[in-house]
Amino acid sequence: MLTLKSRREIGLMREACQLVVEAHRLISKMIAPGITTAALDRVAEDLFHQRGATPLFKGFPGTVPFPAVTCISVNQQVVHGIPGPYELREGDIVSVDTGCRLNGWCGDGAWTYAVGEIDGLKARLRESGQSALQTAIQGMRTRKRWSQVARQIERGVARDGFTVVEDFVGHGIGKEMHEEPEVPNYDSEDFEERDFPIKTGLVLAIEPMVNAGTSEIMILDDHWTVVTADGAPSVHFEHTVAMTKEGPAILTEGLGQ
Ligand code: MG
């Protein structure tokens, strides 16, 4: 069921979202060649623990429960990468996604960071992913239905020469991390039945995943890590955004800064 949130509830969600932003700040300061992705994950776990927040990703059900507090996906990994012994290298791009529940309300946010100097393709891909997210948020202000926003996202990414992942989508968020509606980053024929109007009180986790090559993906044997089918790099940017009477409000404001 799609639930609309009150101003008070959106305020509570902002607090959870700002804790997610804080986790990202701590992690982004540590990102450098030689650090393991497991070390980055530990920082988020410690922070949520200290603040009495519940991590939303750890134990998330699947063929095997997700084992960590963050998803950390490097280079050709799209989303759902498992933190571990991999040491970041100069020139990597690293997508960090995390979420928590604080005082009963959820926040979710992802960002793709550069490790030192990255090549031109990865830099353009990061630009494209960030502008896809901005396009989506602006679209909430100017468009009436999500399908119109999704079409804008897809067209912008295509103009940049890249592709949008279709197998994974954003989601409504509230007391639960994954609520209705599904929030795709592309338009298609089958969209009609899933389309929704952009109404005050809607809170969405908007999360375009942009690939340098094909939009096709594969899942590794660990049952979680999603990689591009052609091995080309991928980026992921996600904000939790509330639609208010005044327009879209970015509850994860500050992410990536
Ligand atoms: Mg999400």
Side-chain angles (χ1 to χ4, degrees), residues 37 57 60 62-63 66 70-84 86 88-97 108-115 117-137 139 146-171 178 181-192 194-195 204-239 256:
T37 55
F57 294 8
F60 194 88
T63 310
F66 192 77
T70 57
C71 294
I72 302 187
S73 312
V74 181
N75 297 330
Q76 79 286 359
Q77 298 177 349
V78 180
V79 285
H80 303 168
I82 300 175
Y86 178 78
L88 295 179
R89 293 181 197 157
E90 177 87 18
D92 281 347
I93 47 173
V94 56
S95 301
V96 177
D97 189 0
D108 190 4
W111 206 261
T112 299
Y113 300 95
V115 184
E117 287 286 310
I118 57 172
D119 66 29
L121 175 67
K122 285 174 174 168
R124 288 197 307 278
L125 192 60
R126 280 186 78 237
E127 289 290 320
S128 182
Q130 287 179 59
S131 74
L133 183 53
Q134 281 313 313
T135 297
I137 296 165
W146 184 260
S147 56
Q148 300 169 315
V149 178
R151 201 171 306 139
Q152 274 188 291
I153 299 172
E154 195 178 20
R155 282 188 186 157
V157 169
R159 266 197 302 272
D160 294 337
F162 301 131
T163 61
V164 159
V165 172
E166 300 189 1
D167 293 84
F168 294 91
V169 297
H171 48 94
H178 293 141
E182 286 191 2
V183 184
N185 301 297
Y186 63 96
D187 193 18
S188 76
E189 298 282 310
D190 70 341
F191 209 140
E192 234 160 83
R194 294 191 295 164
D195 200 7
L204 306 176
I206 304 172
E207 48 180 322
M209 289 143 251
V210 177
N211 292 355
T214 176
S215 64
E216 299 299 311
I217 55 94
M218 297 186 306
I219 297 177
L220 298 186
D221 290 344
D222 64 17
H223 301 292
W224 283 105
T225 310
V226 176
V227 297
T228 55
D230 59 3
S234 180
V235 295
H236 180 209
F237 294 93
E238 176 182 31
H239 272 309

Q.
Can a donor-acceptor pair be found, under 3.5 Å and without considering hydrogens, that links the side chain of Thr37 to the backbone of Gly84?
A. yes
Q | Atom pair NE2/CD1 of His223 and Ile82 - distance to nearest 0.5 Å | A | 9.0 Å
Q) Is a side-chain donor or acceptor of Asp92 paired with a backbone partner of Val115 at a separation under 3.5 angstrom? A) no
Q: With rounding to the nearest 0.5 Å, note down the distance linking CG in Asn75 to OH in Tyr86.
A: 5.5 Å
Q: Go through Val78 and Phe168 one step at a time and tell me if the side-chain contact (heavy atoms from CB on, under 4.5 Å) criterion holds.
A: CA-CA 10 Å; Val78 180; Phe168 294 91; 5.9 Å; no
Q: Please step through side-chain contact (heavy atoms from CB on, under 4.5 Å) for the pair Ile217 and Ser234, ending with a clear verdict.
A: CA-CA 10 Å; Ile217 55 94; Ser234 180; over 6 Å; no
Q: Kindly give the heavy-atom pair with the smallest separation between Asp160 and Ser128, and that separation in Å.
A: OD2-OG, 2.7 Å
Q.
Looking at every non-hydrogen atom in both residues, tell me the closest pair between Ala232 and Gly213 and how far apart they are.
A. CB-N, 3.8 Å
**Q.** CD on Gln152 to CG on Asp187, rounded to 0.5 Å
**A.** 11.0 Å
Q) Are the aromatic rings of Phe60 and His178 close, with centres under 6.0 Å apart? A) yes
Q) So, for Ser147 and Asp195, which heavy atoms are closest and what is the spacing to 0.1 Å? A) OG-OD2, 2.6 Å
(Q) Donor-acceptor check, side chain of Thr163 to backbone of Ser215, threshold 3.5 angstrom: yes or no? (A) yes
Q. Do you know which two heavy atoms are closest between Ser73 and His80, and how far apart they sit?
A. OG-N, 3.5 Å
**Q.** Steps toward side-chain contact (heavy atoms from CB on, under 4.5 Å) verdict (Val74, Val94)
**A.** CA-CA 4 Å; Val74 181; Val94 56; 4.1 Å; yes
Q) What are the two closest non-hydrogen atoms of Ala205 and Asp108, and how far apart are they? A) CB-OD2, 4.2 Å
**Q.** Side-chain (Arg126) to main-chain (Thr112) donor-acceptor, under 3.5 angstrom
**A.** yes
Q.
Nearest 0.5 angstrom please: Leu133 CG to Asn185 CG, how far?
A. 9.0 Å
Q) Heavy atoms, side chains only, cut-off 4.5 Å: are Pro184 and Ile153 in contact? A) no
Q: Work out which heavy atom in Gly129 is nearest to a heavy atom in Val210; give both atom names and the distance.
A: CA-CG2, 3.9 Å
Q: First locate atom CD of Glu207, then atom NE2 of His236, and finally report the distance between them rounded to the nearest 0.5 Å.
A: 4.0 Å
Q. If only atom types and distance count, is the side chain of Asp119 paired as donor or acceptor with the main-chain N or O of Leu121 below 3.5 Å?
A. yes
Q: Please examine the side chains of Cys71 and Phe66, heavy atoms only from C-beta on, and report whether any two atoms are closer than 4.5 Å.
A: yes
**Q.** With sequence neighbours excluded, residues passing side-chain hydrogen bond (donor to acceptor under 3.5 Å, both in side chains) with Asp97
**A.** none
**Q.** Under 3.5 Å: donor-acceptor pair, side chain of Trp146, backbone of Glu182
**A.** no
Q: Report yes if the side chains of Ile93 and Pro233 come closer than 4.5 Å at any heavy-atom pair, otherwise no.
A: yes
Q. Can any side-chain N or O of Glu127 pair as donor or acceptor with the backbone N or O of Arg124 at less than 3.5 Å?
A. no
(Q) Determine whether Val227 and Gln77 satisfy the following criterion, side-chain contact (heavy atoms from CB on, under 4.5 Å), listing intermediate values before the conclusion. (A) CA-CA 4 Å; Val227 297; Gln77 298 177 349; 3.9 Å; yes
Q: Determine yes or no for a side-chain-to-main-chain donor-acceptor pair under 3.5 angstrom, with Gln130 supplying the side chain and Phe237 the backbone.
A: no
Q: Give, for atom NE2 of His171 and atom CD1 of Ile206, the distance between the pair rounded to the nearest 0.5 Å.
A: 10.5 Å
